[in-house]
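Just below is one structure, and these are the notes that go with it.
Numbers restart at 1 for each chain; the letters A, B, ... are given by sequence-line order, proteins then strands.
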Amino acid sequence: MPELPEVETYARYFARHALHQRVVRVDVRDERILDEIRRETFVRKLKGREFDEVRRHGKHLFARAGETWLHLHFGMTGDLAYYRGDEAPRFSKVIFDFEGGTHLAFEDMRLFGLAALVDSPDAFVIAKGLGPDPLDPAFTFDRFDALLARRRGAIKSLLMSQEIIAGLGNLYVDEILFQTSIHPKRAVDRIRENERRAVFTTMRRILNEAIRRHGRETELPGRYLFHHRETGERCPRCDGTIKRTVVFGRTTYYCGSHQK
DNA sequence: TTCCATGTTCCGCA
DNA sequence: TTGCGGAACATGGA
């Protein structure tokens, strides 16, 4: 379920449970989850260490362990589980055993996620060309607006592009555009400044709202589009009908009446 | 059985 | 150069 609010929730979960404990074993259960690192190297550099800091940028989570940082990306189905005992979660791909008998499992059913080591989160963000994190306090409307300037193409495509803004995914982009009454296919150069401001503030409001609900979309207010992602549904904000299309290769829901 | 999925990347084409 | 459509990846659930 990993868009920004989910990954923020995972980051807090990691920080709450898995810091300052010695890693006594690193169990890579499926090597395919590792990104450009050999299993032996991954294990060697983490075993015996303690994680002592967690950071997030967009959908990427980083946890510092000595000289290196664990990097996790959750793909479509990634998750974390901290537990005690021998019952590893079904789709565990990497399990960290801590002294004291607890474990942190990185689960990923569909294997679109990845685990790796990086020298630093900042260097990784630069190397990958990731855009700013929308919740970074230093990320202002003016910076947001500059990122959209001189571009064409559908607004949804831009908001989905991680090299422009890092962290938004299919559900949250649809939600932001629904709540700002903007059609997902509207060209960005045909969006007025007051609408761009609305997108910026609504984006932050929705993300913070979702984080307050621990990244669980199902707990978002009933008037959110999230609960009405079905062709033919009644729009919870007007008398329109929910329609479905494809933008940026992704199934897109929007209200055929109030989103222009 | 068939279709779909909250992500990312790569390729070809306009 | 920019943007977009399509396919691929792996796998469970409706």
Task: Selected nucleotide, minimal atom distance to A/R244 side chain, candidates C/dA10, C/dG13, B/dC4 - done: B/dC4

TODO: Pick base, sugar-phosphate or nothing for A/K128, based on heavy-atom distances below 4.0 Å to the nucleic acid.
DONE: sugar-phosphate

Open item on the list: Students often get this wrong, so: under 4.0 angstrom with heavy atoms, is A/Y172 touching a base, only sugar-phosphate, or nothing?
Closed with: nothing

- [ ] Map A/Q162 and A/M109 onto DNA chain B by nearest heavy atom, then report which one ends up closer to the 5' terminus.
- [x] A/M109

Open item on the list: Side-chain N or O of A/R110 versus OP1/OP2 of C/dC9: is the shortest distance under 4.0 Å?
Closed with: no

Open item on the list: I'd like to check, for A/F112, whether its ring lies over the base of C/dC9 with centroids under 5.5 Å apart and a plane angle smaller than 30°.
Closed with: yes

Task: Aromatic centroids of A/Y10 and A/F74 separated by under 6.0 Å - done: yes

Task: Centroid-centroid distance, A/H228 to A/F178, less than 6.0 Å - done: no

Open item on the list: Looking at B/dC3, which nucleotide sits across from it as a Watson-Crick or G-U wobble partner, both distances under 3.5 angstrom, or is there none?
Closed with: C/dG13

Open item on the list: Using the side-chain heavy atoms of A/E3, tell me which of these nucleotides is nearest: B/dT6, C/dG3, C/dC4.
Closed with: B/dT6

- [ ] Quickly work out the A/Y10 OH to B/dG7 C1' distance and round it to whole Å.
- [x] 13 Å

TODO: Using a cut-off of strictly less than 4.0 Å, decide whether A/T251 has a side-chain nitrogen or oxygen near OP1 or OP2 of B/dA5.
DONE: yes

Open item on the list: Are A/F106 and A/F96, when compared by the centres of their aromatic rings, separated by less than 6.0 Å?
Closed with: no

TODO: Answer yes if the side chains of A/D97 and A/H103 hold a donor-acceptor pair under 3.5 Å, and no otherwise.
DONE: yes

Open item on the list: Does A/R250 reach a base, just sugar-phosphate, or nothing at all? Heavy atoms under 4.0 Å.
Closed with: base

Open item on the list: Taking the ring of A/F62 and the ring of A/F124, is the distance between their centroids below 6.0 Å?
Closed with: yes

Task: Any A/H73 side-chain N or O less than 4.0 Å from OP1/OP2 of B/dG7 - done: no

Open item on the list: Need one value for A/G153: base, sugar-phosphate or nothing, where a base atom within 4.0 Å counts as base even if backbone is also close, heavy atoms only.
Closed with: sugar-phosphate

Task: N or O in side chain of A/T77 less than 4.0 angstrom from C/dA10 OP1/OP2 - done: no

